Colleague: 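Got a structure for you, questions after.
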Amino acid sequence: DVKVTQSSRYLVKRTGEKVFLECVQDMDHENMFWYRQDPGLGLRLIYFSYDVKMKEKGDIPEGYSVSREKKERFSLILESASTNQTSMYLCASLAELSNQPQHFGDGTRLSIL
Amino acid sequence: AQTVTQSQPEMSVQEAETVTLSCTYDTSESDYYLFWYKQPPSRQMILVIRQEAYKQQNATENRFSVNFQKAAKSFSLKISDSQLGDAAMYFCAYRSRNYGQNFVFGPGTRLSVLP
């Protein structure tokens, strides 16, 4: 089974801090994703990566950046955290084949005070 | 751009009964994939069922089945013999076969199962 591991389940940070969310997958998947989940809005894509050092903006990239230095690891960075970034963050990975589903991590509940 | 709509924010069903969750989507493409994901209270999202648009036969996975109406752009999920463990958020998702790796998710339906 594919395992996607997010480094923290709960995280509390202060406004203005630089925040790192880490995600690791163990199935050698090419594609990795960061989503933000808010009630009534479903999952919104922040960034995705289709290869090492490659990234594409999603629907809501403002205030975020990402890093993919190794195939198995995809990091989400909040450059200067703000209270409107309080949310659930989900990481996912995906094999290259187009009919495959994404595999998700447990999520990180991030609170910005 | 594609959009996915789930018009039922919340649903409830009695244990052992059948419930149908609705999903509609908007696309100009003819070839794509549709998915239903389940997110239990423990939060990890897992795949329930998938459908390939070029297949006319509705997908089935044990107690879960879909009613895929391509012309109507509708993709509903039927859960038969509902169990307490079926209580979760359910998300409908669309993925183009031809363009990129992105999925488009609906807003979700929270399903409660009543004993």
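Small disclaimer: the values here were computed from a predicted structure and weren't measured. Here is how names work: the chains are called A, B, and so on, in the same order as the sequence lines, proteins then strands, and each is numbered from 1.
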Colleague: Check each atom of A/Arg44 against the heavy atoms of chain B and say whether the ones under 4.5 Å are side chain, backbone, both or neither.
Modeller: neither
Colleague: Mind checking whether B/Leu111 and B/Phe64 sit in one hydrophobic cluster, side chains of I, L, V, M, F, W, Y counted as touching below 4.5 Å?
Modeller: yes
Colleague: With a 4.5 Å cut-off on side-chain heavy-atom distances among I, L, V, M, F, W and Y, is there a chain of contacts connecting B/Tyr25 to B/Tyr90?
Modeller: yes
Colleague: Can you tell which part of A/Gln6 gets under 4.5 Å to a heavy atom of chain B, answering side chain, backbone, both or neither?
Modeller: neither
Colleague: Shared ILVMFWY cluster between A/Phe48 and B/Met45, side chains joined below 4.5 angstrom?
Modeller: yes
Colleague: Just wondering, are more than 12 heavy atoms of other shown residues or ligands nearer than 6.0 Å to CZ in B/Arg110?
Modeller: no
Colleague: Hey, quick one: are A/Tyr47 and A/Leu110 part of the same hydrophobic cluster, counting side-chain heavy atoms closer than 4.5 Å, chains of contacts allowed?
Modeller: yes
Colleague: Does A/Arg14, at its CZ atom, have more than 12 non-hydrogen atoms belonging to other residues, nucleotides or ligands within less than 6.0 Å?
Modeller: no
Colleague: Could you tell me which of A/Glu56, A/Gln37, A/Arg109 has the largest number of non-hydrogen atom pairs under 4.5 Å with chain B?
Modeller: A/Gln37
Colleague: Any donor and acceptor pair, going by atom type alone, linking the side chain of B/Tyr37 with main-chain N or O of A/Pro101 inside 3.5 Å?
Modeller: no
Colleague: Do B/Gln39 and A/Leu90 come within less than 4.5 Å of each other through their side chains, counting heavy atoms only?
Modeller: yes
Colleague: Should B/Phe103 and A/Leu43 count as side-chain neighbours, where that means a heavy-atom distance under 4.5 Å?
Modeller: no
Colleague: Sort A/Leu45 into side chain, backbone, both or neither according to what part of it lies under 4.5 angstrom from a heavy atom of chain B.
Modeller: side chain
Colleague: For B/Gln44 and A/Phe104, work out which heavy atoms get closest and say how close.
Modeller: NE2-O, 3.0 Å
Colleague: When you group the ILVMFWY residues by side-chain heavy-atom contacts below 4.5 Å and let the links chain together, are B/Ile49 and B/Tyr33 in the same group?
Modeller: no
Colleague: How long is the gap from CG on B/Leu47 to NE2 on A/His103, to the nearest 0.5 Å?
Modeller: 8.0 Å
Colleague: For B/Phe105 together with A/Tyr35, are the ring centres under 6.0 Å from each other?
Modeller: yes
Colleague: If I compare all heavy atoms of B/Pro107 with all of A/Gly40, which pair ends up nearest, and what's the gap?
Modeller: CB-O, 3.4 Å
Colleague: State whether the number of non-hydrogen atoms from other residues, nucleotides or ligands found under 6.0 Å of A/Asn84 atom CG is greater than 12.
Modeller: yes
